[in-house]
Amino acid sequence: MGNFEVAKIFRDIAKILEIKEDNPFRIRAYERAAQNIEGLSEDLEEYVRKDTFPKIPGIGKDLENKIKEIINTGRLKFYEDLKKTLPQGLLDIGNIPSVGPKTTKLLYEKLKIKSLTDLEKAIAKNKLQGIFGIKEKTIENIQKGIALLKRGKERMTLAQAMAVAEEFQDALKKLSEVKKMAFAGSLRRQKETVRDVDILVISDKPSKVMSAFIRIPSVKDILAEGATKSSVRTKSDVQVDCRVVESKSFGAALLYFTGSKNFNIKLRQLAIRKGLKINEYGVFRKNTFVAGRTEEEIFKKLGMVYIEPEMREDTGEIELALKNELPKLIATKDLKGDLHVHSSWSDGNNSIEEMAQAAKEFGYSYIAITDHSQSLRVASGLKVADLKKKKQEIEKLNKRLKNFRVLYGTEVDIDSDGKIDYKDSVLKEFDIVVAAIHTGFKQTKAQLTRRLVAACKNKYVQILAHPTGRLWGVRDPYDIDFEELLKVARDTNTHLEINAFPDRLDLNDLHARRARESGVKLVISTDAHETSQLSVVQFGLAVARRAWLRKEDVINTLSCEALLKEVRK
DNA sequence: GCCGTTTTCGGCCCGACTGTTTTCAGTCG
């Protein structure tokens, strides 16, 4: 039983209690607990096993006991009993957009609708018409909601969301009424997946902005259209929300619209204790506006320092901000080089020189060319005989380049027994050795862990690339004993990679945070296969910032000399 | 069910938009 299973049980409990019209604050307590559990970097199982249950926001004595019961027995009696009181299909009905707990209950009580199938049949037979509070428009919305639910639109990657957001940005920027705009929501918090795109606009003429927004060519449906707030769905099925406020409310609206929800609630509670009220228009004392133009002035009013959007998840950052003890997050300018890129020597699309030039223009002072090793034939892995020529090419290039160094590297394969694809006598020639698993993903947890541990223990392996093997939409992360890996990585001074490729993002934010906590240093690399891909480093940086990493936690913030010293330790 | 620089009881964030019963509950973020 992992954190996500526990969170799901709590979420289900919240949903059932909602339909049963239980105490709304109790319901929120379960939802909040579920959300906070999903954001934890350590396994609950670990806590229970070691009997060191820490203070987790939103989890008191009762929920702590429920978590222990779930971990220890694999089930929760309270949940099992609760489930028996309602038909299971009601939860599916509650998942339909526009259908909430009240409607679910109404349909169940008046029409005995117990499942999605029941609901579809009832609509087909026109049974919903005439039920208290339901008319044509509501039925139409339910039908649309069911269709949407069935298409099963998952969350998209941050990169996909960014592409949609930029399209809207381009269109809105052309309007003279738009004074300023910003992305908000989970897009601004840089979550690795995003459900919808939130855009904030500053304007004195909200109606002009709204009417232009809903007419942007890629809009398919208009979900809501108001004076200051509208929602649309694009042809690619992405929901985009747009909110317009005036300049004096920009900070307040940005804060509100960025979230997270739990973060906002905590902040507003804090404000109440100080005799203040926060909404999207500003901070108010009685009904007097006291702050709102910028986020900074609002945080200051609340007696805390600025909290970066990536940290706003209510996992302890508010408490640290009140004490001015927040870590200084790593930023783009801190990165000095990329330690995982490919060239045309293996499966890349550009020559070493082209990659180096592009990296230099990108502002880096070094780059490691880490082509695949001999066994990986599908990616034209390099045979030992070719390596000498590649090394010579790099040496010649380095003589010509000024203020820049190309490092001679490899992404060496870890075979199914944990053996490294080049002999030690070959490995010792490289400046940078990145090791990774590319085959045999379906092995057991013990086998996969053993392979990674063996790689760490090789004295020439400096970095483990994409350590959990996750590939968005293709492959789930493989199951490894991450705590064991961290222990060995720390003891052997092996660095773990945050692979910035948008469909990898591996390590993810939770793993990276856990790595930092256990004293393992990280690397942010792109795995670029052509010059244009060096810029995906922004997504790796997003992971790092969400993991609360500082400059000193990431080794490719070091100068080239310091870096080589660090990896050879 | 959680939580405490008004505390161990009595509070619990705040507002926009929709559809409908035309004043407001339900849903959403």
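In what follows, chains carry the letters A, B, and so on, assigned in the order in which the sequence lines appear, proteins first and then strands, with residues in each chain numbered from 1. Everything numeric in this text was worked out from a predicted model, so none of it was measured.
The aromatic rings of F78(A) and Y30(A) lie parallel to each other, their planes meeting at an angle below 30°, with 60° marking the opposite boundary. By the 30° and 60° cut-offs, the orientation of the rings of Y306(A) relative to F299(A) is perpendicular.
Between the P atom of dC3(B) and the CZ atom of R26(A) lies a distance of 16 Å, rounded to the nearest Å.
For K105(A), the NZ atom sits in a packed shell: over 12 heavy atoms of surrounding residues, nucleotides or ligands are nearer than 6.0 Å.
For I265(A), whose side chain is taken as the heavy atoms from C-beta onward, the closest listed nucleotide among dC13(B), dG26(B), dG15(B) is dC13(B). With dC17(B), dC14(B), dT27(B) as the candidates, the nucleotide lying closest to the side chain of P101(A) is dT27(B). Distances were taken from every side-chain heavy atom of R243(A) (C-beta onward) to each of dA16(B), dC13(B), dT20(B); the shortest belongs to dA16(B). Nearest to the side chain of K261(A), among dG29(B), dC12(B), dT20(B), sits dG29(B). Among the nucleotides dA16(B), dC13(B), dT18(B), the one closest to the side chain of A224(A) is dT18(B). Closest contact between the side chain of N141(A) and the listed nucleotides dC17(B), dG19(B), dG1(B) involves dG19(B). When distances are taken from the side chain of K66(A) to each of dT21(B), dG15(B), dG1(B), the shortest belongs to dG1(B). The nucleotide whose nearest atom lies closest to any side-chain atom of N279(A) is, among dG29(B), dC2(B), dG15(B), dG15(B). Considering only side-chain atoms of Q269(A), the nucleotide from dC12(B), dA16(B), dC2(B) that sits closest is dC12(B). For T228(A), taking side-chain heavy atoms from C-beta onward, the closest of the listed nucleotides dG1(B), dA16(B), dC14(B) is dA16(B).
Looking at which nucleotide of DNA chain B each of T103(A) and I59(A) is closest to, the 5′-most match is held by I59(A). Toward the 5′ end of DNA chain B lies the nearest nucleotide of R28(A), the other residue of the pair R28(A) and D241(A) mapping further downstream.
In this structure, A33(A) reaches neither bases nor backbone, as no heavy-atom distance under 4.0 Å exists between it and the strands shown. In this structure, F257(A) reaches neither bases nor backbone, as no heavy-atom distance under 4.0 Å exists between it and the strands shown. Residue P97(A) is classed as a sugar-phosphate contact, given heavy-atom separations below 4.0 Å to backbone atoms only. Looking at heavy-atom distances under 4.0 Å, I278(A) makes contact with sugar-phosphate atoms alone, never a base. No engagement by K105(A) is indicated, since no non-hydrogen atom pair under 4.0 Å with the nucleic acid exists. Here G226(A) lies in heavy-atom contact (under 4.0 Å) with sugar-phosphate atoms only. At the heavy-atom level, K266(A) lies nowhere under 4.0 Å from the strands shown.
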Pair F168(A)-F213(A), ring pair (Phe, Tyr, Trp, His ring centres under 6.0 Å): steps then yes or no: CA-CA 8 Å; F168(A) 277 77; F213(A) 172 70; 5.7 Å; yes
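K114(A) forms no cation-pi arrangement with Y108(A), by the criterion of a distance under 6.0 Å to the ring centre and an angle within 45° of the ring axis.
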Anything under 3.5 Å between a protein N or O and an N or O of nucleotides 9-11 of chain B, put it in a table, one pair a line.
none

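Ring-centre distance between F539(A) and F501(A): not below the 6.0 Å cut-off.
In this structure, dC28(B) forms a base pair with dG15(B), meeting either the Watson-Crick or the G-U wobble geometry with both donor-acceptor distances under 3.5 Å.
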